[in-house]
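First the structure, in the form of structure tokens, and then the observations on it.
These numbers come from the heavy atoms of this one structure, side chains and all, not from hydrogens, waters or symmetry mates. Predicted model only: the values in this text are computed from it and were never measured.
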Amino acid sequence: MTRGLLIRRAGLADVPAIWAIEKASFPTPWSRWSFLAELGQGNSHTLVIGPSPPHLWQTWGYLVFWVVLDEMHILNLAVHPDHRRQSIARQLLATGLGQARTLGAQLAWLEVRPSNLAALALYNSFGFKQVGRRPRYYDDTQEDALLLTFDWSEEENSSSKGPRENR
């Protein structure tokens, strides 16, 4: 983690800032209520990142993921436009993958727009692989979704260090 940043589990007080980032990041944002619902679900995890003390807390990004049995499903990852290109998404993803692995995840998966080149580059750098395509997945644009997975067992067979990011 970059010096001066803190990643922690989100709470109710974080929802307004998370929602503001969501609205600035996606053409069809989740509702505020969706984030509140995620905070109340046992298998859902929402992480936020921002400056560490003594600086005043500001939410610069967030990650929402589920861990169900041995799978991690990455639902949502965004960084405030003013803080992009500073490795914030990379730090959130690395932390989330580590937490999911600790909780017993063997496989991580997500859907991403083919047009989201920055996200694709990030996931590729961690070793995610495209395993499918969901036609017309996104209602707003009818754009397909690429289904990406990261399989810890494949990674452990090639290296004992885990996700490529940790090497």
Side-chain angles (χ1 to χ4, degrees), residues 1 7-10 14-15 18-19 21-23 25-31 33-49 59-80 84 87-167:
M1 180 163 58
I7 296 175
R8 62 172 175 75
R9 192 161 186 145
D14 296 305
V15 171
I18 291 170
W19 194 52
I21 295 168
E22 174 79 3
K23 291 188 301 181
S25 299
F26 298 107
T28 306
W30 282 15
S31 70
W33 305 113
S34 296
F35 289 103
L36 289 168
E38 289 302 320
L39 292 177
Q41 300 225 16
N43 63 342
S44 184
H45 305 268
T46 301
L47 302 178
V48 290
I49 188 169
T59 301
W60 289 356
Y62 64 88
L63 169 67
V64 181
F65 65 95
W66 292 351
V67 176
V68 179
L69 300 174
D70 62 350
E71 292 185 358
M72 174 194 202
H73 183 188
I74 298 170
L75 301 169
N76 202 331
L77 171 61
V79 174
H80 190 282
R84 292 183 183 152
S87 296
I88 291 171
R90 178 171 302 285
Q91 292 174 61
L92 280 167
L93 183 57
T95 299
L97 287 167
Q99 288 184 7
R101 184 69 172 135
T102 298
L103 293 169
Q106 298 292 316
L107 178 80
W109 61 280
L110 60 97
E111 293 94 356
V112 63
R113 293 174 189 262
S115 62
N116 192 340
L117 300 179
L120 287 167
L122 173 68
Y123 297 126
N124 182 57
S125 75
F126 275 81
F128 279 80
K129 296 179 181 154
Q130 181 181 336
V131 296
R133 189 175 198 103
R134 300 188 194 279
R136 297 174 305 284
Y137 182 82
Y138 295 99
D139 288 336
D140 58 345
T141 61
Q142 296 302 302
E143 187 174 6
D144 293 353
L146 301 179
L147 179 60
L148 306 182
T149 63
F150 178 84
D151 187 337
W152 273 277
S153 65
E154 285 181 14
E155 198 68 19
E156 288 168 355
N157 289 336
S158 65
S159 169
S160 62
K161 293 189 178 187
R164 188 180 300 167
E165 174 64 16
N166 295 335
R167 290 190 208 157

Handout entry: Side-chain donor or acceptor of T95 paired with backbone N/O of L92 under 3.5 Å
Key = no
Handout entry: Donor-acceptor under 3.5 Å (R84 side chain, V79 main chain)
Key =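 Pair found, side chain donor or acceptor close to backbone of V79.
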Exercise for the section: List in chain and number order the residues that pass salt bridge (charged side-chain N to carboxylate O under 4.0 Å, His left out) with E143, two or more places apart in sequence or in another chain; answer none if no residue qualifies. Expected result: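 Result, salt bridge (charged side-chain N to carboxylate O under 4.0 Å, His left out) vs E143: R113.
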Handout entry: Centroid-centroid distance, H73 to W109, less than 6.0 Å
Key =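 H73 vs W109: aromatic centres under 6.0 Å.
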Which distance, rounded to the nearest 0.5 Å, do you find between the [atom1] of [X] and the [atom2] of [Y]?
X: I18; Y: T59; atom1: CD1; atom2: OG1; value: 6.0 Å
X: T28; Y: K23; atom1: OG1; atom2: NZ; value: 14.0 Å
X: R9; Y: D14; atom1: CZ; atom2: CG; value: 12.0 Å
X: D144; Y: L146; atom1: CG; atom2: CG; value: 7.5 Å
X: F26; Y: I21; atom1: CZ; atom2: CD1; value: 10.5 Å
X: T149; Y: L110; atom1: OG1; atom2: CG; value: 8.5 Å

Heavy-atom pair with the smallest gap, counting every atom of [X] and [Y]:
X: L122; Y: A89; value: CD2-CB, 3.9 Å
X: N76; Y: E22; value: ND2-OE1, 3.0 Å
X: A105; Y: R101; value: O-NH1, 2.9 Å
X: L120; Y: P114; value: CD1-O, 3.4 Å
X: A10; Y: L39; value: O-CD2, 3.7 Å

Practice task
Please identify each residue that fulfils side-chain contact (heavy atoms from CB on, under 4.5 Å) with A108, with sequence neighbours left out.
Solution key: M72, L97, F128, F150, W152
Problem - Check: W66/E38 side-chain N/O donor and acceptor closer than 3.5 Å - result: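 E38 and W66 do have a side-chain donor-acceptor pair below 3.5 Å.
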Problem - Y138-E111 side chain donor-acceptor pair, cut-off 3.5 Å - result: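 The criterion, which ignores hydrogens and geometry beyond distance, is not satisfied for E111 and Y138.
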Problem - Residue pair L93 / I74, side-chain heavy-atom distance below 4.5 Å - result: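 Touching, per the 4.5 Å side-chain cut-off.
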Handout entry: Residue pair R90 / F126, side-chain heavy-atom distance below 4.5 Å
Key =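 Side chain of R90 against side chain of F126, heavy atoms only: contact under 4.5 Å found.
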Practice task
Report the relative orientation of the aromatic rings in W30 and F35; use parallel for angles under 30°, tilted for 30 to 60°, perpendicular for over 60°.
Solution key: tilted
Exercise for the section: Check each of L69, L103, V68 against N43 using the side chain to side chain contact (heavy atoms under 4.5 Å, CB included) test, and report the only one that passes. Expected result: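 Single side chain to side chain contact (heavy atoms under 4.5 Å, CB included) partner of N43 among L69, L103, V68: V68.
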